[in-house]
Amino acid sequence: MPQAPLSICVLGGGAAGWLTAAVLAAEHGRVAGGDCTITLVESPTIPTIGVGEGTWPSMRETLRRIGLSERRLFAECDASFKQGSLFSAWKITDPSDQYYHPFSLPHGYFEQDLAPFAEPEYAYAVTPQAAVCDSHLAPKQLATPEYAGVLNYGYHFDAVKFGLCLSDHCTRNLGVQHVRANVASVESDAEGNIIALVTETGENLSADLFVDCSGRAAVLIGEHMRVPWVDRSSVLFNDRALAVQIPHASAESPIASVTRSTARNNGWIWDIGLPTRRGMGYVYSSQFTDTDTVESDFREFLSTELPQSALRDLSFRELTFQPGHREVMWRGNCVAVGMSAGFIEPLEASALALIEQSAGLIRDFLPVSKAQMKLAATRFNSQMLAHWDHIIEFLKLHYVLSQRTDSEYWLAHRRAESIPESLQENLMLWRHRAPAKQDFPQAQSLFPPASYRYVLNGMAYACDRTRAPRKERDEARAKVLLGEVQKQLASFKQGLPENRKLLEQLVARSQTSGSPEGAGR
């Protein structure tokens, strides 16, 4: 006999819950022609943490696929463009020592590695994006179609507003049922699978598949299913952050289209520009310093940005986290997404990207019957655990390549016992050739080999290229490709608008043409 249509219950709202619900409903929900019912249960008393304001370019395809207008994102979520990351003082203590990790691939990337002909300013030579970011230009024009651009881009946005926007889109347009309630208990069957969530009012919310987006509480995957936590603090030490919001210097101040990451004695500072404000935070490890020391250093850093009167009034928000993830993310009929599955420091903005990866895999592996749940879980766990390993190693790379000697914090990051063996092996290989897809057996990894190349070159990692393929030693062809980059840059500087101007135009267009999909409620 055929199984009844699957029902899915998502516990928890915020960006993780609503994005997961949207991805599933847009593909499998009844409004989309599928046979699944999706219900999201959200506590009316637990606030959203609201961190994770940076995304990867993959978010464009995710939002397009769930049917959310890009105009709406800019109009409702205080969104701006993100074209990559800018790292300052990571190699040495001099803040003027900088490099870009842009989102666009190096020009001619699949034809030839241009690194030997593009030193020392690798990112500036192989893509126009670094210089475009220096000039605070947008990656597209007003007439460019939604989710398209002449340069690759993601977004910065207000995470709380993003969750609210997704909530409205899910309930108005995708048929997601929204239940506001606190969960008092969880009922299971004899095999340990969840049968229902019981609310404080006694309502039973039954489903076939439960998605735990309850954040650090991990109500289902942690408290109920008892899936162990895997501590990764031996590799990535940071477990604290002080966050703050500061105003732009003026209403006309340029909006950076990169996440700025500045290394400090005890950690590093993020700086994200939104149209209405800047979000900043100091990430550090309690193993090497304390909150008072970090706040003092943070205030010293901000003293170059703010007058003393404004500096005195700042209120810092302390965030604590344990770097790591669940032993598995899908057990039985429960799968964890977001902070309930794991969390590591926000370097390179992996948090929302991992939510996207998780939601997309649930969508793609969603079983046609409860009998196939175990197979879906096995494949999901295999891929997600590989993603976690890959991301952790990529973040660790930034610390391993540093030459800073100003504190025990930076020295400890370079000790062999804290560096994963596979990363050590890759670094040995990359002494003689560029990172390649063969080095990363996991398909569709979040950070492609080009990302490693940007970091390696930006941090001046020496490569003697003894075994480089002949085509990669083609100096004549390299000169042609590098010349094409400069021609692209000249064209972009002439034709691309400034970030702030384009963002204002996009919001104005949305307001004058009427907000799509029920926006402007």
Side-chain angles (χ1 to χ4, degrees), residues 2-44 46 48 59 61-68 162-183 186-187 193-199 203-215 219-221 224 329-338 340-341 352 354-370 372-373 376-377 380 384 517-518:
Q3 292 284 341
L6 284 172
S7 56
I8 303 170
C9 181
V10 179
L11 175 61
W18 285 112
L19 189 59
T20 301
V23 168
L24 295 176
E27 186 79 16
H28 299 290
R30 291 179 175 174
V31 171
D35 58 2
C36 291
T37 59
I38 295 110
T39 301
L40 186 141
V41 185
E42 185 175 27
S43 169
I46 300 176
T48 301
M59 183 62 75
E61 174 59 18
T62 297
L63 297 182
R64 186 200 64 77
R65 191 162 176 173
I66 67 173
L68 185 75
F162 181 60
L164 293 173
C165 179
L166 288 173
S167 170
D168 184 76
H169 180 63
C170 283
T171 54
R172 285 178 182 261
N173 305 309
L174 297 178
V176 176
Q177 301 173 30
H178 187 195
V179 177
R180 288 189 174 275
N182 288 313
V183 173
V186 181
E187 292 187 350
N193 289 314
I194 299 173
I195 300 173
L197 309 182
V198 183
T199 70
E203 182 182 5
N204 274 39
L205 302 171
S206 60
D208 299 310
L209 176 66
F210 291 84
V211 184
D212 188 349
C213 297
S214 62
V219 173
L220 304 182
I221 198 73
H224 184 76
M329 288 78 190
W330 191 329
R331 173 170 289 178
N333 67 337
C334 174
V335 55
V337 176
S340 60
L352 281 166
L354 277 165
I355 292 170
E356 285 186 86
Q357 295 270 358
S358 300
L361 286 178
I362 298 171
R363 174 198 63 212
D364 297 341
F365 292 155
L366 193 69
V368 297
S369 68
K370 288 185 283 187
Q372 292 188 0
M373 196 76 72
F380 180 92
M384 286 308 302
E517 308 146 16

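Since the structure is predicted, the reported quantities are computational estimates derived from the model, not experimental observations.
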Looking only at heavy atoms, the pair that brings Ser340 and Ile221 closest together is O-CG2, 3.5 Å

Is there side-chain contact between Val183 and Leu220, with at least one heavy-atom pair below 4.5 Å? no

Has the side chain of His224 got a donor or acceptor atom that lies under 3.5 Å from a matching backbone atom of Ile194? no

Pairs under 3.5 angstrom only: tabulate donor-acceptor contacts from the side chains of residues 8-25 to other protein residues two or more places apart or in another chain.
| from | atom 1 | to | atom 2 | distance (Å) |
| --- | --- | --- | --- | --- |
| Thr20 | OG1 | Ala16 | O | 2.7 |

If the condition is side chain to side chain donor-acceptor pair (under 3.5 Å), which residues does Thr171 pass it with, not counting sequence neighbours? none

Report yes or no: does Ser358 contribute a side-chain atom to a donor-acceptor pair with the main-chain N or O of Leu354 at less than 3.5 Å? yes

Salt bridge (charged side-chain N to carboxylate O under 4.0 Å, His left out) partners for Arg363, two or more places apart: none

Counterpart residues, ring-ring contact (aromatic ring centres under 6.0 Å, His included), relative to Phe380 (two or more places apart): Trp330

Between Ile362 and Leu209, is any pair of side-chain heavy atoms under 4.5 Å apart? yes

Mind listing the closest non-hydrogen atom pair of Thr199 and Ala181 along with its distance? CG2-CB, 3.7 Å

Please assess Leu63 against Phe162 for the test side-chain contact (heavy atoms from CB on, under 4.5 Å), listing each intermediate value before the final yes or no. CA-CA 11 Å; Leu63 297 182; Phe162 181 60; 4.1 Å; yes

Who pairs with Glu27 by side chain to side chain donor-acceptor pair (under 3.5 Å), at least two apart in sequence or on another chain? Arg65

Kindly give the heavy-atom pair with the smallest separation between Ala26 and Ala32, and that separation in Å. O-CB, 3.3 Å

So how far is it from Leu197 CG to Asn182 CG, rounded to the nearest 0.5 Å? 12.0 Å

Got a donor-acceptor contact below 3.5 angstrom from the Asn333 side chain to the Asn193 backbone? no

Report the residues that fulfil side chain to side chain donor-acceptor pair (under 3.5 Å) with Ser7, sequence neighbours left out, ordered by chain and then residue number. Asp208

Polar side-chain atom of Gln177 near backbone of Thr37 as donor-acceptor pair, under 3.5 Å: no

Partners meeting salt bridge (charged side-chain N to carboxylate O under 4.0 Å, His left out) with Arg180 (sequence neighbours left out): none

With sequence neighbours excluded, tell me which residues meet side chain to side chain donor-acceptor pair (under 3.5 Å) with Ser214. Asp212

Applying salt bridge (charged side-chain N to carboxylate O under 4.0 Å, His left out) to Glu61 and not counting sequence neighbours gives Arg64

Straight-line distance of Leu68 CG to His169 NE2, nearest 0.5 Å: 5.0 Å

For Met373 and Pro367, the nearest pair of non-hydrogen atoms, with its separation, is SD-CG, 3.8 Å

Run the side-chain contact (heavy atoms from CB on, under 4.5 Å) test on Leu366 and Cys36 for me, step by step, so that the C-alpha distance in whole Å, both residues' side-chain angles and the decisive distance to 0.1 Å come before the verdict. CA-CA 10 Å; Leu366 193 69; Cys36 291; 3.8 Å; yes

